[in-house]
Enquirer: 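Mind looking over this structure? Questions follow.
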Amino acid sequence: MDQLRRYAIFAAVVEAGTMTGAAKALGMTPSAVSQHISQLEALLGLTLLHRSTRRLNLTEAGEVVWQGCQSLQQTLNQTELRLAEVRDSLLGEVRITAPVGMAGQPLARALSPLLQAHPGLCIQLIADDGKRDLIAERIDVALRVGTPPDSTLVARRLGQTRMILCAAPAYLARKGTPRSPADLLDHEWLASDLLGGALAFFDEKGQAHRVKPKPRVQCNNVLPLRQFTLAGQGISLQPEGEIAEDLAAGQLLALLPDYRVAPMEIHAITPQREIPEKVRRVIEALRRYFADGVGNLYQR
């Protein structure tokens, strides 16, 4: 780094024409500037400048170094332009990881307008319910459902989804319809790891009713649980927006209408607070979409 600094000081001397002018431009003393030039000459084993009382003249070696400095400056300028594109433009790739259930219809609806408006923007989507290493895998945005991790990562709240207790008509015909949270202990429970073991249902007065049904089927993703629910194998909690069509078609029935469970928070996680413009715009699109569905997420 010291060597690069000496080249920069040499370039400033050539541009200013004098040690004093370069020192003023750099905020240094003339003696310090002269010392750096002498150190560079000693390192190269060549004289770069003919010093006189009025001005400085480049030697042949100095001309070579000056041309190299100009070439380096052009490279730096091009690098800054490319960095400005990375920071400010909507060009290139944004890497997103999201739970499998969210990576389909919700993200397609949320991001399609942005992709249509900016043809140079590309999305690489990693559908995974596991926790990816954002830094090691150079992931720009991770969507997380539930409480955000307490870490050095930055969490931006996008919205929330209402969770609906549901079952298929065939199951209810066989096992009966629960009338209170306590009745769930006598039913086949299809459990999501995301929700944990115990469940809290709140009545119209806000009083909590806590139950911990034993899972018949347990999974880290709501999609397989939904298929088990549709197949009449038990009762599960599902995001309201994702089962809206099943509810409308009568394939699933909402249960315990006088009770509710706490909505699930959705966050966009980034490795750092300062993010490129394209990542910021992706997060804005996600926030607009999810905020529109508070209480009924994913429906448009």
Side-chain angles (χ1 to χ4, degrees), residues 98-102 104-106 129 143-150 157-267 289-300:
V100 175
M102 192 183 295
Q105 185 183 88
D129 292 318
L143 299 188
R144 296 282 187 263
V145 180
T147 304
D150 183 13
R157 185 180 180 278
L158 299 178
Q160 60 185 8
T161 177
R162 180 183 173 192
M163 303 299 290
I164 299 295
L165 191 71
C166 61
Y171 172 84
L172 297 175
R174 187 174 74 252
K175 299 287 290 188
T177 300
R179 303 299 178 187
S180 71
D183 292 344
L184 295 176
L185 298 176
D186 298 323
H187 281 268
E188 306 291 344
W189 181 243
L190 310 176
S192 168
D193 292 345
L194 183 65
L195 298 172
L199 299 171
F201 291 85
F202 298 89
D203 59 25
E204 294 177 345
K205 296 180 180 180
Q207 182 178 353
H209 302 259
R210 301 183 187 280
V211 294
K212 190 175 182 179
K214 182 179 179 180
R216 180 74 187 278
V217 177
Q218 190 163 354
C219 185
N220 67 341
N221 184 273
V222 296
L223 290 180
L225 293 179
R226 189 177 309 150
Q227 297 306 312
F228 275 98
T229 309
L230 287 165
Q233 296 304 309
I235 297 174
S236 68
L237 277 167
Q238 296 286 331
E240 183 178 27
E242 292 188 18
I243 63 169
E245 294 180 1
D246 296 320
L247 292 172
Q251 293 179 302
L252 292 176
L253 299 177
L255 307 176
L256 303 184
D258 296 330
Y259 297 86
R260 63 177 178 83
V261 297
M264 299 297 292
E265 298 288 330
I266 299 179
H267 291 83
Y289 177 75
F290 290 135
D292 284 347
V294 172
N296 191 20
L297 190 67
Y298 306 161
Q299 272 194 290
R300 301 294 284 179

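Sequential numbering from 1 along the given sequence is applied to the chain's residues.
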Enquirer: Taking atom NE2 of H209 and atom CG of L184, what is their separation to the nearest 0.5 Å?
Expert: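 One gets 12.5 Å once the value is rounded to the nearest 0.5 Å.
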
Enquirer: Evaluate the side-chain proximity of I164 to L252: yes if any heavy-atom separation is below 4.5 Å, no if none is.
Expert: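 No, too far: nothing below the 4.5 Å cut-off.
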
Enquirer: Side chains of L199 and P181: closer than 4.5 Å at any heavy-atom pair?
Expert: no

Enquirer: With a cut-off of 6.0 Å (strictly less than), are more than 12 heavy atoms of other residues, nucleotides or ligands near CZ of R174?
Expert: yes

Enquirer: What closest approach, in Å, do M102 and I266 show between heavy atoms, and which atom pair accounts for it?
Expert: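 Nearest heavy atoms, M102 then I266: CE-CD1, 3.8 Å.
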
Enquirer: Just so I know, are the side chains of T161 and E242 near enough to count as touching, which here means a heavy-atom distance under 4.5 Å?
Expert: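 No. Closest side-chain heavy atoms not under 4.5 Å.
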
Enquirer: Restricting to non-hydrogen atoms, name the atom on P169 and the atom on G250 that form the minimum distance, rounded to 0.1 Å.
Expert: CG-O, 3.3 Å

Enquirer: L165 vs F201, test: side chain to side chain contact (heavy atoms under 4.5 Å, CB included). Steps then yes/no.
Expert: CA-CA 10 Å; L165 191 71; F201 291 85; 4.2 Å; yes

Enquirer: Using 0.5 Å steps for rounding, measure from the CE atom of M264 to the OG atom of S192.
Expert: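 Rounded to the nearest 0.5 Å, the CE-OG separation comes out at 7.5 Å.
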
Enquirer: For the CD atom of Q160 and the CZ atom of F290, what is their distance to the nearest 0.5 Å?
Expert: 12.5 Å

Enquirer: For R210 and A200, work out which heavy atoms get closest and say how close.
Expert: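 Looking at all heavy atoms of both residues, the shortest contact is NH1-CB, 3.3 Å.
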
Enquirer: Do you know which two heavy atoms are closest between Y289 and P106, and how far apart they sit?
Expert: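 In terms of heavy atoms, the two residues are closest at CE2-O, 3.6 Å.
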
Enquirer: Are side-chain heavy atoms of V211 and W189 found at a separation under 4.5 Å?
Expert: no

Enquirer: Quick one: does P213's side chain get under 4.5 Å of D186's, heavy atoms only?
Expert: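 The answer is no; the side chains never approach within 4.5 Å.
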
Enquirer: Side chains of P263 and M163: closer than 4.5 Å at any heavy-atom pair?
Expert: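 Sidechains of M163 and P263: no contact.
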
Enquirer: Say you draw a straight line from CG of D246 to CD of Q238; how long is it, rounded to the nearest 0.5 Å?
Expert: 9.0 Å

Enquirer: Is the closest side-chain heavy-atom distance between P239 and R226 below 4.5 Å?
Expert: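 They are in contact (side-chain heavy atoms under 4.5 Å apart), so the answer is yes.
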
Enquirer: For the side chain of Y171 and the backbone of E188, is there at least one donor-acceptor N/O pair under 3.5 Å apart?
Expert: yes

Enquirer: Using a 6.0 Å cut-off, check whether atom CZ of F228 has over 12 heavy atoms from anything other than its own residue.
Expert: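 It does not: F228 CZ has 12 such atoms or fewer within range.
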
Enquirer: When rounded to the nearest 0.5 angstrom, what is the spacing between CD in Q251 and SG in C166?
Expert: 11.5 Å

Enquirer: Which heavy atom of T229 sits nearest a heavy atom of S236, and at what distance?
Expert: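 So the two residues come closest at OG1-OG, 2.8 Å.
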
Enquirer: So, for A167 and G234, which heavy atoms are closest and what is the spacing to 0.1 Å?
Expert: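 Scanning both residues, the minimum pair turns out to be CB-O, 3.9 Å.
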
Enquirer: Say you draw a straight line from CG of L253 to CD1 of I243; how long is it, rounded to the nearest 0.5 Å?
Expert: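 So the gap between those two atoms works out to 10.0 Å.
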
Enquirer: Is there side-chain contact between R216 and Q233, with at least one heavy-atom pair below 4.5 Å?
Expert: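 They are not in contact (no side-chain heavy atoms under 4.5 Å apart), so the answer is no.
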
